[in-house]
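Notes for the one structure printed next.
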Amino acid sequence: MEYTHLGKTGLPISRLSFGSWLTFGKQIDEALVERLMHLAYDHGVNFFDNAEIYARGMSETVMGRVLKKSAWSRDSYLVSSKVFFGAGGQLPTQKGLNRKHVVEACHQALERLQVDYLDLYFCHRPDKQTPIEETVWTMHNLIQQGKILYWGTSEWSAQEIMEAHRIAAQNHLIGPVVEQPEYNLFARTKVEVEFDQLYKTVGLGTTTWSPLASGVLSGKYNYEHPSDTRLGIEGLEWLRDKNLSTEKLEKTRALAELAAELGISLAQMSIAWCLKNPKVSTVILGASKEAQLIENLQSLTHIDKLTLEVIDQMEGILQNKPVFPAF
Ligand code: NDP
């Protein structure tokens with residue numbers, strides 16, 4: 001495993017991490033969650049990602065039980081939660097980034113995860129109903145209380161992140177240090193263009209999600225629609241429609257040929273490409289099977305295969321390099 005610092009912080013984080021969305025508490029049973037988490041940890045993964053909304057709290061409950069049973073020293077790993085969507089409750093006070101919900105969601109996450117503090121606590125989306133100032137103060141206070149160590153955002157705009165920093169600087173509060181954006185061969189603009197200045201000005205770290213575009217970038221949908229996969233799950237039609245377009249599949253087929261020439265799998269090439277970007281602090285992996293996680297963890301050893309020439313070939317296939325706005 002390789003480690004880096006999370007943005008400008010001193011916090012060491014493994015470049016590959018492991019997340020629980022749609023799998024923990026839902027698609028896979030607890031025995032498999034346990035095997036996957038141990039596999040990740042044994043390979044040096046030190047960050048496990050979670051959120052209140054994942055399986056409506058069950059993802060945190062299951063992860064908490066595995067952490068408790070593991071007897072891993074608390075100082076050997078990082079665990080996160082995210083607040084905004086709620087844990088399934090439909091009442092007005094059960095979601096959002098207002099002080100009441102952020103504090104209550106934090107307490108509930110600590111209880112479900114069976115830990116004394118969260119290492120990272122994310123605002124899962126911006127909340128247009130709550131002044132950013134209220135959220136910044138709340139996060140700062142949670143840090144002061146020892147309930148969270150660092151806080152960040154997910155899918156916030158550069159402007160919203162900078163507003164949080166402005167408020168923090170004005171009031172001598174601790175601002176957000178990390179953003180969790182989608183980043184993969186098909187979703188590039190935020191990480192490559194929008195946040196460009198933020199890496200320099202506020203030292204933004206990134207924990208990026210969906211490196212395989214929910215499995216499409218493994219190539220398994222290239223010529224058939226396998227059963228027993230995420231994009232066949234009832235209720236996830238929106239995710240299938242987002243990720244499985246004819247254009248994306250054409251590109252994925254061409255990328256798979258290139259990966260074969262390099263002697264690696266398309267999943268490994270796709271993850272190695274994310275890792276090659278130094279602005280990515282950690283790539284959060286997802287897996288529903290042990291073989292997938294083993295394959296994906298090996299991506300780190302293949303980064304060197306992505307030479308400038310290979311990257312050029314990939315750009316030729318993708319035709320989606322984000323451009324900076326003209327002056
Ligand atoms: P991926 O895009 O890598 O998708 C993971 C899924 O793809 C697996 O569950 C599996 O699904 C399939 N897969 C993985 N590896 C392989 C392989 N080698 N071969 C074939 N199929 C494979 O990542 P996720 O979308 O899961 O995102 C990772 C993490 O990021 C999440 O767990 C979560 O922690 C975080 N996240 C954060 C979000 C946010 O808003 N902040 C949003 C989404 C995710 P299957 O076998 O069922 O097809």
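- For the pair R74 (side chain) and Y77 (backbone), a donor-acceptor distance under 3.5 Å is present.
- The structure places CG of L120 at 13.0 Å from CZ of F48, a figure rounded to the nearest 0.5 Å.
- Scanning all heavy atoms of the two residues, the minimum distance from N296 to L16 falls at O-CD1, 4.1 Å.
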Next item on the list: Step by step, work out the side chain to side chain contact (heavy atoms under 4.5 Å, CB included) result for L11 and Y150.
Entry: CA-CA 9 Å; L11 185 69; Y150 300 88; 3.8 Å; yes
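- Counting heavy atoms from C-beta on, the side chains of N98 and E134 come closer than 4.5 Å.
- For NZ of K289, the number of neighbouring non-hydrogen atoms (other residues, nucleotides, ligands) closer than 6.0 Å is greater than 12.
- Distance alone, capped at 3.5 Å, is enough to place a donor-acceptor pair between the T307 side chain and the V310 backbone.
- In this structure, E250 contributes its side chain and E247 its backbone to no donor-acceptor pair below 3.5 Å.
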Please table the atom pairs, donor to acceptor, closer than 3.5 Å between any side-chain atom in residues 315-327 and protein atoms at least two apart or in another chain.
unit_1, atom_1, unit_2, atom_2, d
E315, OE1, R188, NH1, 3.0
E315, OE2, R188, NH2, 2.9
Q319, NE2, G316, O, 2.9
N320, OD1, R188, NH1, 2.7
N320, ND2, L185, O, 2.8

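- For the atom pair CZ (F186) and CG (L212), the distance works out to 11.0 Å, reported to the nearest 0.5 Å.
- Side-chain contact between R15 and V280 is present, with heavy atoms from C-beta onward closer than 4.5 Å.
- Under the 4.5 Å side-chain contact rule for hydrophobic residues, L293 and V283 share a cluster.
- T9 OG1 to L6 CG: the interatomic distance, rounded to the nearest 0.5 Å, is 4.5 Å.
- Listed for the S281 side chain is no donor-acceptor partner under 3.5 Å among the backbone atoms of T207.
- Legend: ring-ring contact (aromatic ring centres under 6.0 Å, His included) pairs involving residues 240-259, not counting sequence neighbours: none detected.
- Legend: ring-ring contact (aromatic ring centres under 6.0 Å, His included) pairs involving residues 89-124, not counting sequence neighbours, sorted by first then second residue: Y54-H124, F85-H124.
- Within a 6.0 Å radius of CG in L91, more than 12 heavy atoms belonging to other residues, nucleotides or ligands are found.
- Residue S80 holds its OG atom at 6.5 Å from CD of Q180, rounded to the nearest 0.5 Å.
- When atom types are taken as modelled, the side chain of E194 and the backbone of A158 share a donor-acceptor pair closer than 3.5 angstrom.
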Item checked: Worked check of side chain to side chain contact (heavy atoms under 4.5 Å, CB included) between M269 and H302 -> CA-CA 7 Å; M269 187 170 88; H302 298 308; over 6 Å; no
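- The number of heavy atoms from other shown groups lying within 6.0 Å of CG (D312) is above 12.
- One side chain, N50 or S59, offers a donor N or O that lies under 3.5 Å from an acceptor on the other.
- Taking the charged nitrogens against the carboxylate oxygens, K82 and D49 do have a contact shorter than 4.0 Å, which makes a salt bridge.
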Review item, side-chain donor-acceptor pairs of residues 252-263, under 3.5 Å, at least two apart:
unit_1, atom_1, unit_2, atom_2, d
T252, OG1, K248, O, 2.6
R253, NE, N222, O, 2.8
R253, NH2, N222, O, 3.0

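- Donor-acceptor pairing under 3.5 Å is lacking for the side chains of T301 and Q298.
- Under the 4.5 Å side-chain heavy-atom criterion for grouping Ile, Leu, Val, Met, Phe, Trp and Tyr, V83 is connected to L142 within one hydrophobic cluster.
- In the displayed structure, E111 atom CD is contacted under 6.0 Å by at most 12 heavy atoms of other residues, nucleotides or ligands.
- When side chains are defined from C-beta on, M37 counts as touching L67, because their heavy atoms get closer than 4.5 Å.
- The closest donor-acceptor contact from the side chain of E52 to the backbone of A105 lies at 3.5 Å or more, if one exists at all.
- For the pair E163 and R166, the salt-bridge criterion is met [side-chain N within less than 4.0 Å of a carboxylate O].
- Within the 4.5 Å cutoff, no side-chain heavy atoms of M58 are placed close to those of F24.
- Contact check for C123 versus F84: no side-chain heavy atoms found under the 4.5 Å cut-off.
- Residue Q129 qualifies as open at atom CD: its count of foreign heavy atoms under 6.0 Å is 12 or below.
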Checklist line | Check against side chain to side chain contact (heavy atoms under 4.5 Å, CB included), S14 and E2 | finding: CA-CA 6 Å; S14 52; E2 284 176 20; over 6 Å; no
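- By the 4.5 Å heavy-atom criterion applied to side chains, L36 and F18 are counted as neighbours.
- Judged by distance alone, the side chain of T130 and the main-chain N or O of D127 form no donor-acceptor pair under 3.5 Å.
- Considering all non-hydrogen atoms of both residues, A40 and L297 come closest at CA-CD1, 4.4 Å.
- A heavy-atom distance below 4.5 Å is not found between the side chains of L204 and V177.
- Contact annotation: the side chain of T206 approaches that of Y199 to within less than 4.5 Å [non-hydrogen atoms, C-beta and beyond].
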Notebook entry, point to check: Hey, mind stepping through L22 and L239 against side chain to side chain contact (heavy atoms under 4.5 Å, CB included) and telling me if it holds?
Noted result: CA-CA 11 Å; L22 297 175; L239 193 61; 3.9 Å; yes
Margin query: Pair W156, F195 - check ring pair (Phe, Tyr, Trp, His ring centres under 6.0 Å), show working.
Written below: CA-CA 10 Å; W156 281 33; F195 295 152; over 10 Å; no
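- Applying the side-chain hydrogen bond (donor to acceptor under 3.5 Å, both in side chains) test to residues at least two apart or on different chains, the pairs with a partner in residues 26-36 are E30-R65, E34-K69, R35-E290.
- Cluster membership for M139 and L113, using ILVMFWY side-chain heavy atoms within less than 4.5 angstrom, is shared.
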Using residues 271-278 as the side-chain source, report each donor-acceptor pair under 3.5 Å to any protein atom, sequence neighbours left out, with the distance given to one decimal.
unit_1, atom_1, unit_2, atom_2, d
K276, NZ, L306, O, 3.1
N277, OD1, K279, N, 2.9
N277, ND2, Y183, OH, 3.2

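- In this structure, L149 CG and L118 CG are separated by 8.0 Å, a value rounded to the nearest 0.5 Å.
- Without hydrogens or angle criteria, E155 side chain to E182 main chain gives a donor-acceptor distance under 3.5 Å.
- Tested against T282, the residues T4, T208, I13 include a single side-chain contact (heavy atoms from CB on, under 4.5 Å) partner, I13.
- At least one donor-acceptor pair under 3.5 Å links the side chain of N46 to the backbone N or O of P12.
- Note that CD1 of I303 is 11.0 Å distant from NZ of K305, once rounded to the nearest 0.5 Å.
- Checked by atom type and distance alone, the side chain of Q268 pairs as donor or acceptor with a backbone atom of E295 at under 3.5 Å.
- V193 and M314 are members of different hydrophobic clusters when ILVMFWY side chains are connected at heavy-atom separations under 4.5 Å.
- No donor-acceptor contact under 3.5 angstrom links the side chains of R112 and T61, judged on distance only.
- The cluster map of Ile, Leu, Val, Met, Phe, Trp and Tyr, joined by side-chain heavy atoms under 4.5 Å apart, puts I284 and V66 in different clusters.
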